[in-house]
Amino acid sequence: TKVDPAARPAAVGLLGCGVMAGLGAAMNTGGVTRGDSVAVIGCGGVGDAAVAGAALAGATTIIAIDTDARKLDWARKFGATHTVDATAEDPVEAIRAATGGFGADVVIDAVGRPETWKQAFYARDLAGTVVLVGVPTPEMTVEVPLLDVFGRGGALKSSWYGDCLPSRDFPMLTELYLQGRLDLDAFVTEEIALDQVEQAFARMHHGDVLRSVVVLP
């Protein structure tokens, strides 16, 4: 997909995967709009992109949840208005407290584990939307009372690559980047050479980076 060549390749190249997945989970799948409350569980690269997407869409309450204080700091820079340390407080109760007791209009699970999906399910407002963008492993299962699914209404969605249409979304997001309205540069923790990939994987597994971008000479 061709985009404006004035854009920094290392930044807009991230639209080719995780950043688009997070942005799209909020803007496309979740349908976040002006005045919404949004909670994002898991604030790595995809989760922080969902935070940025919610902010871009006009959400007024954006709650970031993680177990790593560094990631919560990153989320604030992308637009989170509230942060929740899941090791210190119950995420569901914290999300409800930040939304007047109701729960969030849209809750995005960027982790993809049964426990985080259930948190998302119960942390949304009645008739709210749950978006699963974190990818579970094949053996993972989730069990909830069917009456809760019926009684709470709303929508339970999965987001494949942020429901992205590249020919529509890439040029639009690149233009927002060039206008200074979408900080894609903030996702680029480092630029590396191809022979530094193994070390970059180690930093990724330790949670030290959002994105390491390989730049070919």
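Heavy atoms only: backbone and side chains are in, while hydrogens, waters and symmetry mates are out. Computed from a predicted structure; not experimentally measured.
- For residues 139-168, the set of pairs meeting the salt bridge (charged side-chain N to carboxylate O under 4.0 Å, His left out) definition, not counting sequence neighbours, is empty.
- Side chain of T87 to main chain of T67: no donor-acceptor pair is present (N/O by atom type, distance under 3.5 Å, no hydrogens or angles).
- Here the closest heavy-atom approach between residue V214 and residue A193 is recorded as CG1-C, 4.3 Å.
- Residues L14 and V213 form a side-chain contact, since some pair of their non-hydrogen atoms from C-beta on lies under 4.5 Å apart.
- Taking D208 as the reference, R70 meet the salt bridge (Lys or Arg N to Asp or Glu O under 4.0 Å) condition, with sequence neighbours excluded.
- Both V130 and V144 belong to a common hydrophobic cluster when Ile, Leu, Val, Met, Phe, Trp and Tyr are linked at side-chain heavy-atom distances under 4.5 angstrom.
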Check the pair R124 / V106 against side chain to side chain contact (heavy atoms under 4.5 Å, CB included), numbers first and verdict last.
-> CA-CA 6 Å; R124 66 188 173 125; V106 179; over 6 Å; no
Would you tabulate the side-chain donor-acceptor contacts of residues 33-49 under 3.5 Å, counting partners in other chains and residues two or more places apart, or write 'none'?
| unit_1 | atom_1 | unit_2 | atom_2 | d |
| --- | --- | --- | --- | --- |
| D36 | OD2 | T33 | N | 3.0 |
| S37 | OG | D105 | N | 3.0 |
| S37 | OG | D105 | OD2 | 3.1 |

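- Contact of the L184 side chain with the L15 side chain is registered, since non-hydrogen atoms from C-beta on lie closer than 4.5 Å.
- Grouping the Ile, Leu, Val, Met, Phe, Trp and Tyr side chains by contacts below 4.5 angstrom, directly or via other members, places I62 with L182.
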Contacts under 3.5 angstrom, residues 197-207 side chains, donor-acceptor by atom type, not counting sequence neighbours:
| unit_1 | atom_1 | unit_2 | atom_2 | d |
| --- | --- | --- | --- | --- |
| R203 | NE | E190 | OE1 | 3.3 |
| R203 | NE | E190 | OE2 | 3.0 |
| R203 | NH2 | E190 | OE1 | 3.3 |
| R203 | NH2 | E190 | OE2 | 2.9 |
| H206 | ND1 | A202 | O | 2.9 |

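- Under the salt bridge (Lys or Arg N to Asp or Glu O under 4.0 Å) criterion, D183 pairs with no residue at all, not counting sequence neighbours.
- Hydrophobic clustering of Ile, Leu, Val, Met, Phe, Trp and Tyr side chains at less than 4.5 Å, counting indirect connections, unites L23 with Y177.
- Shown here are the ring pair (Phe, Tyr, Trp, His ring centres under 6.0 Å) partners of Y122, two or more places apart in sequence or in another chain: there are none.
- Put simply, the side chain of D169 reaches to within 4.5 Å of the side chain of M20, judged on heavy atoms.
- In this structure, the side chain of T174 does not engage the main chain of D4 through any donor-acceptor pair within 3.5 Å.
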Stepwise side chain to side chain contact (heavy atoms under 4.5 Å, CB included) check, K71 with L210 = CA-CA 9 Å; K71 293 182 179 180; L210 278 176; over 6 Å; no
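- Under the 4.5 Å side-chain contact rule for hydrophobic residues, V188 and L176 share a cluster.
- Contact annotation: the side chain of D125 never approaches that of T99 to less than 4.5 Å [non-hydrogen atoms, C-beta and beyond].
- Shown here are the side chain to side chain contact (heavy atoms under 4.5 Å, CB included) partners of P166, two or more places apart in sequence or in another chain: T1, C164, F170.
- Within the structure, salt bridge (charged side-chain N to carboxylate O under 4.0 Å, His left out) contacts touching residues 113-123 (residues at least two apart or in different chains) are R113-E115.
- Looking at heavy atoms from C-beta onward, T61 lies in side-chain contact with H82 at the 4.5 angstrom threshold.
- Considering all non-hydrogen atoms of both residues, Y161 and C17 come closest at CE1-O, 3.5 Å.
- Residue W160 belongs to no hydrophobic cluster, having no ILVMFWY side-chain heavy atom closer than 4.5 Å to its own.
- Between V107 and F121 the shortest side-chain heavy-atom distance does not fall below 4.5 Å.
- Here R8 pairs with D185, E191 under the salt bridge (Lys or Arg N to Asp or Glu O under 4.0 Å) rule; sequence neighbours left out.
- The hydrophobic cluster containing I108 does not contain V84, counting ILVMFWY residues as joined when their side-chain heavy atoms lie under 4.5 angstrom apart, directly or transitively.
- Residues meeting the side-chain hydrogen bond (donor to acceptor under 3.5 Å, both in side chains) test with T116, sequence neighbours left out: D109.
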Please step through side chain to side chain contact (heavy atoms under 4.5 Å, CB included) for the pair I63 and I65, ending with a clear verdict.
-> CA-CA 7 Å; I63 308 153; I65 301 96; 4.0 Å; yes
Go through the steps to decide whether W74 and T189 satisfy the test side chain to side chain contact (heavy atoms under 4.5 Å, CB included), and finish with yes or no.
-> CA-CA 11 Å; W74 292 340; T189 306; 5.7 Å; no
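- Summarising the geometry of A21 relative to V133, their closest heavy-atom pair is O-CG2, 3.8 Å, with the distance given to 0.1 Å.
- A salt bridge (charged side-chain N to carboxylate O under 4.0 Å, His left out) check over residues 76-94, counting only residues at least two apart or in different chains, returns the pairs D73-R76, E93-R96.
- Proximity of L132 to L156: side-chain heavy atoms (C-beta onward) are nowhere separated by under 4.5 Å.
- Around CG of L194, the count of heavy atoms belonging to other residues, nucleotides or ligands within 6.0 Å does not exceed 12.
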